[in-house]
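Here is the structure we will look at.
Keep in mind the model is a prediction, meaning the values are calculated, not measured. Atoms within each ligand, like the ligands themselves, are counted from 1 in listed order.
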Amino acid sequence: MILLNDVSRVFPADPPVHALRGVRLRVERGDYLAVVGPSGSGKSTLLNTLGLLDRPGSGSYLLDGIETTALGDGARTRLRGRRIGFVFQSFHLLPHRTVSENVMLAELYGGPPRRGRRERAMAMLEKVGMAHRAGFLPGRLSGGERQRVAIARALLGEPSLLLCDEPTGNLDSGNTEMVLDLFDTLHGQGLTLLVITHEDAVSARAGRRVRISDGLLTEE
Ligand SMILES: Nc1ncnc2c1ncn2[C@@H]1O[C@H](COP(=O)(O)OP(=O)(O)OP(=O)(O)O)[C@@H](O)[C@H]1O
């Protein structure tokens, strides 16, 4: 699913910041991978690279066998819309849109909306146990409920890869468990998951752990 070969990313500064150094990573379809490492070690840079939000300075990145570094911006955006879902620490739900509208809005970014959007949004809300809150505004939901809605939104395009950046960073332990149970279910259904986390409770649930330190990636 993912093959990174000698990927480096240097940010121009004085002195230059080597955020990723010769990273090699192979992720098989259906893997559940945790990425751990201290602040500033390169985790978000790695996630942005894998999510086609940022380009490596050098090296190659194959996603489903497609060499992404050679693609233009339009092709990268389409590939991202079709294959990748994102989950962030702070949910990024629109406050003045209902739960179901937030989920449906996911398709605005990946290209023209497909048919049956409302039905598919409801099916995804069902999947994360939030269908009964479809008409609520996000402000009336708990943190764990908001994150489940954000996960439903990420799943709307039926991605094969879910990239999560500290998905439980704003949740208490009960809600963290609920989100981790949902990840287990999604993993069981064949989704490939990559989760950045600094919480042991989260990384312990993943099948594989890799550590980034100063831009260098090592398998644990
Ligand atoms: N646009 C940028 N310009 C210059 N330096 C940057 C830029 N983005 C990130 N960096 C630097 O690259 C390094 C890696 O940053 P990154 O955000 O990937 O770390 P991280 O492991 O995600 O950190 P955290 O856990 O604190 O979010 C850091 O030293 C950071 O300051």
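Remark: the backbone N or O of L50 is paired with a side-chain donor or acceptor of Y61 at under 3.5 angstrom. Using a distance-only test at 3.5 Å, with no hydrogens or angles considered, a donor-acceptor pair links the side chain of R80 to the main chain of G51.
Residue, atom and distance of the protein heavy atom nearest to atom 16 (P) of ligand 1 are T45 OG1, 3.7 Å. In terms of protein heavy atoms, atom 6 (C) of ligand 1 is closest to F11 CD1, 3.3 Å. The nearest protein atom to atom 17 (O) of ligand 1, hydrogens excluded, is given as S44 CB, 3.6 Å; this is a heavy-atom distance. Residue, atom and distance of the protein heavy atom nearest to atom 28 (C) of ligand 1 are G40 O, 3.6 Å.
A salt bridge links E177 with R205: the distance from a Lys NZ or Arg NE/NH1/NH2 to an Asp or Glu carboxylate oxygen falls below 4.0 Å.
Taking every heavy atom of P38 and a limit of under 4.0 angstrom, the matching atoms of ligand 1 come to 21 (O). Which parts of ligand 1 touch S39 is read off a 4.0 Å heavy-atom cut-off, strictly below it: atoms 23 (O), 24 (P), 25 (O), 26 (O). Short contacts between ligand 1 and S41, defined as distances under 4.0 Å to a heavy atom of the residue, involve ligand atoms 19 (O), 20 (P), 21 (O). Annotation for ligand 1: atoms under 4.0 Å from non-hydrogen atoms of V17 are 11 (C), 12 (O), 13 (C), 29 (O). Taking a cut-off of under 4.0 Å to the non-hydrogen atoms of K43, the atoms of ligand 1 that pass are 18 (O), 19 (O), 20 (P), 21 (O), 22 (O), 23 (O), 24 (P), 25 (O).
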In sequence, state the C-alpha distance, the side-chain angles, and the governing distance for E126 and H132, and then conclude on side-chain contact (heavy atoms from CB on, under 4.5 Å).
CA-CA 8 Å; E126 200 79 57; H132 62 304; over 6 Å; no
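Under the 4.0 angstrom criterion for non-hydrogen atoms, A13 is not in contact with ligand 1. G37 does not count as a contact of ligand 1, since none of its heavy atoms falls under 4.0 Å from the ligand.
Between S8 and H18, every side-chain heavy-atom pair lies at or beyond the 4.5 Å cut-off.
For T69 and E67, the side-chain atoms include at least one donor-acceptor pair closer than 3.5 Å. The closest side-chain donor-acceptor pair between S203 and R209 falls under 3.5 angstrom. With 3.5 Å as the limit, one finds a donor-acceptor pair spanning the side chains of N5 and R24.
Hydrophobic clustering (ILVMFWY, side-chain heavy atoms < 4.5 Å, transitive): F88 and V202 are in distinct clusters.
For atom 4 (C) of ligand 1, the protein comes within 4.0 Å by at least one heavy atom. Within the 4.0 Å cut-off (strictly below), a protein heavy atom is located near atom 23 (O) of ligand 1.
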